[in-house]
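Worksheet: one structure, shown below.
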Amino acid sequence: MIEFHLPARQPFSFYSAVRSHGWYQLAPFIWDEPRRELGYLTRLSSGKVVVLRLRQAPGGVYLAALPELTVQERDELSGVVDWMLGLQMDFSAFYALAAQEPKLRHMVERSLGRVLRSPTLFEDVVRTILTTNTLWAATKRMTAALIEQFGDPLAEELPAEFEHLAHPLRRAFPTPQRLAESDEQTLRSQTRLGYRAPYILGLARAVASGELDLEALKNSHLPTPELRKRLLAIKGVGGYAVAVLLMILGRYDSIPVDSWALKSVSNEWYDGQPVGKAEVKAAFAQWGEWQGLAYWFWDWKE
DNA sequence: GGTAGACCTGGACGC
DNA sequence: GCGTCCAGGTCTACC
């Protein structure tokens, strides 16, 4: 086992970052609430599948990993975890505003703002497509099915201290290459992705062939409208999904309006009367470049 | 630019 | 056990 610490820009709350949205409930993430530890399996560029155990440490994050790593693999893994938890992200400008708003003050108190990400944007786009037009239980099922059928397995047995933190599937999220080798019929009939199957397959093939360089968008300096345009060009990514992905990429000037957003805004400001997308957008427009964050972490009435 | 209808799955419900 | 209905975003065709 290899152990080390990674520093985070302060203020930082590991718990707030992990619990920022539902990703921690999706395979191959696994969350231990009593210990406040996050487990995850990832495939490094060398092809090695690694189990991670993460928790808060003074000044940042404690990271333990199995199996043993080379120096290069350790460096790669540090970068992966840094990205997943947004360790270097700076919210000070937003916090100065949020501190003045009673419904957002808890963000400052709890160091909220970071959104848990997958190691690759490919993985996050797939996850996001699997959240659309379906129930959360189905998202969990489809994600697990993809990993079970196409993910690379862990090579070795786990010691007891890792058992509870490695997802039972013991596999990493599938690579675009592995999914690209599949076919629509398999994804429909065995993985039960339904009409999403051609979207996932098309995306995997575009990334695997090099036609689409998704990972280059992670630290892109493209203006948000251009970034939005590129993400919307992906079949299966519409208005809601693109807003989620922009949040993940640290662009907060749009709001992922789904049925939950409509209900929440209705309860918060319209006495339960039905509202549309326009009302949701209007409710947070004053937060400008931060509106996505304000919406995401708003202290809703219920 | 706006809108209707189709796309799928799984759970809830009624019979 | 079977059939029907429903929730959940995005796409395409059409206006």
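Proteins come first, then strands; the chains are lettered A, B, ... in the order of their sequence lines, and each starts at number 1.
A centroid separation of 6.0 Å or more is found between the aromatic rings of A:Trp260 and A:Trp136.
Rounding to whole angstrom units, CE of residue A:Met142 and P of B:dG11 are separated by 12 Å. Computed from coordinates, the A:Ile129 CD1 to B:dT9 C1' distance equals 17 Å when rounded to whole Å. With rounding to whole Å, A:Arg192 atom CZ is found 14 Å from B:dG11 atom C1'. Taking atom CG on A:Leu135 and atom C1' on B:dC7, their separation rounds to 15 Å, with Å as the unit. A:Ile200 places its CD1 atom 15 Å from the C1' atom of B:dC7, with the value rounded to the nearest Å. The distance between atom CG of A:Leu245 and atom C1' of C:dG9, rounded to the nearest whole Å, is 13 Å. Atom CZ of A:Arg196 and atom P of C:dG8 are 13 Å apart (whole Å). Whole-Å rounding puts the A:Leu232 CG to C:dG9 C1' distance at 13 Å.
For the pair A:Arg36 and A:Tyr15, the cation-pi test (distance below 6.0 Å, angle within 45°) is passed.
Between C:dG8, B:dC8, C:dC11, one nucleotide has an atom nearer to the side chain of A:Tyr195 than all others, and that is B:dC8. The side chain of A:Arg188 lies closest to B:dC8 when the candidates are C:dT10, B:dG10, B:dC8. The side chain of A:Tyr240 lies closest to C:dT10, out of C:dT10, C:dC11, C:dG8.
Without hydrogens or angle criteria, A:Arg53 side chain to A:Glu161 main chain gives a donor-acceptor distance under 3.5 Å. A donor-acceptor contact shorter than 3.5 Å links the side chain of A:Ser20 to the backbone of A:Leu116.
Contact annotation for A:Leu262: no contact, since no heavy-atom pair falls under 4.0 Å across all strands. Using a 4.0 Å heavy-atom distance criterion, A:Ala137 is classed as making no nucleic acid contact. Using a 4.0 Å heavy-atom cutoff across all strands shown, A:Lys140 reaches no nucleic acid atom at all.
For the pair A:Lys235 and B:dC7, the criterion of a side-chain N or O lying under 4.0 Å from OP1 or OP2 is not met. Phosphate contact (OP1/OP2 of C:dG9, side-chain N/O of A:Ser259, threshold under 4.0 Å): present. Of the side-chain N and O atoms in A:Arg141, one or more sit less than 4.0 angstrom from OP1 or OP2 of B:dG10.
Not a single donor-acceptor contact under 3.5 angstrom links the side-chain atoms of A:Tyr199 to the base of C:dG9.
Ring geometry for A:Tyr295 against A:Phe284 counts as perpendicular: the plane angle is over 60°, on a 0 to 90° scale with 30° as the lower cut. Under the 30°/60° scheme for interplanar angles, the aromatic rings of A:Trp300 and A:Trp269 are found to stand perpendicular. Classified by interplanar angle (parallel below 30°, tilted 30° to 60°, perpendicular above 60°), the ring pair A:Trp31/A:Phe14 is tilted.
A salt bridge between A:Glu123 and A:Arg43 is absent, with no side-chain N of the basic residue lying under 4.0 Å from a carboxylate O of the acidic one.
Terminal axes of the helix from B:dG1-C:dC15 to B:dC15-C:dG1 (five pairs each, C1' rotation axis) are separated by 30°, to the nearest 10°.
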